[in-house]
Amino acid sequence: MNEIGVFSFQSIISSQKAVYLNPDDIDFEQKLYTIIQKNNNLPKNTTLISSQENLFEL
């Protein structure tokens, strides 16, 4: 979510039911992967798509 979401959902974030990750953060992908792994939403061998990749390229 963007910064408006941080303001709008402060109670959800502070109760740790959601997290805010700044997409411009140099460590964004690693932080996202860590959160996903912590919640066991992906198998351990799954890799994330780089935010730099164009998903619409053939």
### Task
First locate atom CG of Leu32, then atom CD of Gln37, and finally report the distance between them rounded to the nearest 0.5 Å.
10.0 Å
### Message
Tell me the closest heavy-atom pair linking Ile13 and Val6, and the distance in Å.
### Response
CD1-CA, 4.0 Å
### Task
To the nearest 0.5 Å, tell me how far Tyr33 OH sits from Lys38 NZ.
15.5 Å
### Query
In Å and rounded to the nearest 0.5 Å, what is the CG to CD distance from Leu21 to Gln30?
11.5 Å
### Nearest atoms (heavy-atom pairs only) where Phe28 meets Asn22
CD1-O, 3.4 Å
### Query
Could you give the distance from OG1 (Thr34) to CD (Glu29), rounded to the nearest 0.5 Å?
11.5 Å
